[in-house]
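Please read the structure below before turning to the comments.
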Amino acid sequence: MLSYGDAKAKIARAVETLEGRELLQRVVEVIQDSFPHYSWTGIYMVRGDHLVLEAWKGPQATEHVVIPIGQGVCGAAAASGQTEVVDDVSQDPRYLMCFPGTRSEIVVPIKKGLQVLGEIDIDSDELAAFTDEDRRFLEEVAAMIADKVG
Ligand code: SME
């Protein structure tokens with residue numbers, strides 16, 4: 001387990017040295033490998049009126065590789081530009097299931113100004129896994145990569 005600061009330093013190095021898909025893949029790997037309460041990490045990018053999964057790390061692939069903006073927790077965050085934290089996915093009617101073990105989820109938009117370019121999506125097998133510290137960390141990571149992925 002890394003500290004949030006260590007994970008940010010690794011991501012800062014990746015932003016300096018990598019581009020495109022390689023950068024997105026490295027970012028999901030650092031995030032996913034840093035914290036045991038993260039069960040699956042993905043980055044979706046906005047393509048027209050859909051979100052397309054461009055990089056992920058976790059034990060299993062998801063079948064939700066393309067999500068219409070407006071659908072699911074992911075599509076809601078893309079439509080509003082606001083971070084979504086769902087403490088108990090079984091209580092959220094918007095939730096699209098990817099993995100049977102998921103109990104909570106956070107989705108953080110990657111933005112340039114008001115424009116949503118994509119988002120970081122993390123599932124956890126623990127209820128209410130995502131704290132304000134996770135939210136701040138992931139919002140900082142989204143800001144760090146926004147200039148390179150837009
Ligand atoms: N649960 C998401 C779909 C993506 S999977 O978690 C990988 C949603 O409700 O939009």
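For the single chain, residues carry numbers from 1 onward in sequence order. Keep in mind that the numbers below use all heavy atoms, side chains included, and drop hydrogens, waters and symmetry copies. First listed ligand is number 1; within each ligand, the first listed atom is number 1.
Looking at heavy atoms from C-beta onward, Ile67 lies in side-chain contact with Tyr44 at the 4.5 angstrom threshold. Side-chain atoms of Val46 and Leu117, non-hydrogen and from C-beta on, never get closer than 4.5 Å to each other.
Classified by interplanar angle (parallel below 30°, tilted 30° to 60°, perpendicular above 60°), the ring pair Phe35/Tyr4 is parallel.
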Between ligand 1 and the protein, which N/O pairs are shorter than 3.5 Å?
{"residue": "ligand 1", "atom": "1 (N)", "partner": "Leu96", "partner atom": "O", "Å": "2.8"}
{"residue": "ligand 1", "atom": "1 (N)", "partner": "Glu105", "partner atom": "OE1", "Å": "3.0"}
{"residue": "ligand 1", "atom": "1 (N)", "partner": "Glu105", "partner atom": "OE2", "Å": "3.2"}
{"residue": "ligand 1", "atom": "6 (O)", "partner": "Glu105", "partner atom": "OE2", "Å": "3.3"}
{"residue": "ligand 1", "atom": "6 (O)", "partner": "Asp121", "partner atom": "OD2", "Å": "3.4"}
{"residue": "ligand 1", "atom": "6 (O)", "partner": "Asp123", "partner atom": "OD1", "Å": "3.1"}
{"residue": "ligand 1", "atom": "6 (O)", "partner": "Asp123", "partner atom": "OD2", "Å": "3.2"}
{"residue": "ligand 1", "atom": "9 (O)", "partner": "Val73", "partner atom": "N", "Å": "3.0"}
{"residue": "ligand 1", "atom": "9 (O)", "partner": "Leu96", "partner atom": "N", "Å": "2.8"}
{"residue": "ligand 1", "atom": "10 (O)", "partner": "Val73", "partner atom": "N", "Å": "3.0"}
{"residue": "ligand 1", "atom": "10 (O)", "partner": "Cys74", "partner atom": "N", "Å": "2.8"}

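Among Val30, Ile43, Val27, Val28, the one residue that satisfies the side-chain contact (heavy atoms from CB on, under 4.5 Å) test with Lys57 is Val28.
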*Check the pair Glu29, Lys10 against salt bridge (Lys or Arg N to Asp or Glu O under 4.0 Å), reporting the backbone distance first and the verdict last.*
CA-CA 10 Å; Glu29 284 169 8; Lys10 282 192 171 190; over 6 Å; no
*For salt bridge (Lys or Arg N to Asp or Glu O under 4.0 Å), just list the numbers for Arg135 and Glu139, CA-CA rounded to whole Å, side-chain angles, deciding distance to a tenth of an Å, and then say yes or no.*
CA-CA 6 Å; Arg135 181 195 183 118; Glu139 287 178 349; 3.3 Å; yes
